[in-house]
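To start, the structure under review is shown below, and the notes come after it.
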Amino acid sequence: METKLKTSDILEKEFKTGLRGYNQEEVDIFLDDIIQDYEAYEKKISQLQSEINQLKEELAEAPKKVAPAPPQVGATNFDILKRLSHLEKHVFGSKLYE
């Protein structure tokens, strides 16, 4: 974000005085620049706050998106052994178990 003014510009700004005080046009132009800067800052702050809120929502949803745990290894191995035993009985018949 690029701004027209820096803090030092504001602090060091000198207005020329006329017969009735400061030159009104010069003060108005300077204040317009300040207003533009503040508007830019407000817009950026608003954007950042929206981004923060979005990230907080995503963070709150993150635990819900965690992948489910893989099936228990013991139960899977037991199923495989059971199937293997059944296959052996079918292929070799009851000779293995006599």
Side-chain angles (χ1 to χ4, degrees):
M1 177 171 81
E2 190 173 322
T3 60
K4 292 183 179 184
L5 300 174
K6 298 177 185 172
T7 307
S8 59
D9 296 333
I10 296 169
L11 291 173
E12 295 171 5
K13 179 66 179 171
E14 293 183 27
F15 297 105
K16 296 176 185 172
T17 57
L19 295 176
R20 296 185 180 184
Y22 293 111
N23 180 330
Q24 185 68 37
E25 184 178 342
E26 188 176 319
V27 172
D28 287 343
I29 291 171
F30 187 70
L31 291 176
D32 288 342
D33 288 343
I34 292 172
I35 289 169
Q36 288 176 0
D37 275 356
Y38 277 96
E39 287 172 347
Y41 288 131
E42 287 174 350
K43 183 178 178 181
K44 186 64 174 178
I45 289 169
S46 177
Q47 288 172 345
L48 292 173
Q49 287 174 335
S50 294
E51 185 177 340
I52 288 169
N53 290 336
Q54 179 183 356
L55 291 172
K56 283 181 179 181
E57 288 175 14
E58 288 177 18
L59 185 60
E61 293 293 321
K64 297 175 186 175
K65 294 181 181 180
V66 174
Q72 294 180 354
V73 175
T76 304
N77 288 343
F78 179 74
D79 291 338
I80 292 171
L81 290 173
K82 192 174 178 182
R83 289 179 184 171
L84 184 58
S85 176
H86 180 67
L87 184 61
E88 286 175 342
K89 284 181 186 177
H90 181 70
V91 173
F92 298 110
S94 60
K95 293 178 182 177
L96 287 175
Y97 298 98
E98 294 177 352

(message) Measuring from atom CG of Asp9 to atom CD1 of Ile34, what distance do you get when rounded to the nearest 0.5 angstrom?
(response) 10.0 Å

(message) Membership question, hydrophobic clusters at under 4.5 Å side-chain separation (ILVMFWY): are Leu31 and Ile10 in the same one?
(response) yes

(message) Working to the nearest 0.5 angstrom, can you tell me the gap between Tyr38 OH and Ile45 CD1?
(response) 10.5 Å

(request) Name all residues meeting the side chain to side chain donor-acceptor pair (under 3.5 Å) criterion together with Glu26; count only those two or more places apart in sequence or in a different chain, and write none if there are none. (result) none

(request) Can you establish whether the number of heavy atoms outside Lys43 located under 6.0 Å from its atom NZ is more than 12? (result) no

(request) Mark yes or no for whether Ser50, through its side chain, and Ser46, through its backbone, hold a donor-acceptor pair below 3.5 Å. (result) yes

(request) Measure the spacing between CD of Glu39 and CG of Asp37 and express it to the nearest 0.5 Å. (result) 9.5 Å

Please tabulate, for the side chains in residues 51-58, all donor-acceptor contacts under 3.5 angstrom to protein atoms that are two or more places apart in sequence or on a different chain.
unit_1: Asn53; atom_1: ND2; unit_2: Gln49; atom_2: O; d: 3.3
unit_1: Gln54; atom_1: NE2; unit_2: Glu58; atom_2: OE2; d: 3.3

(message) Can you tell me how far apart NZ (Lys82) and CG (Leu87) are? Round to the nearest 0.5 Å.
(response) 15.0 Å

(message) Suppose we screen for side chain to side chain donor-acceptor pair (under 3.5 Å). Which residues come up paired with Gln47, at least two apart in sequence or across chains?
(response) none

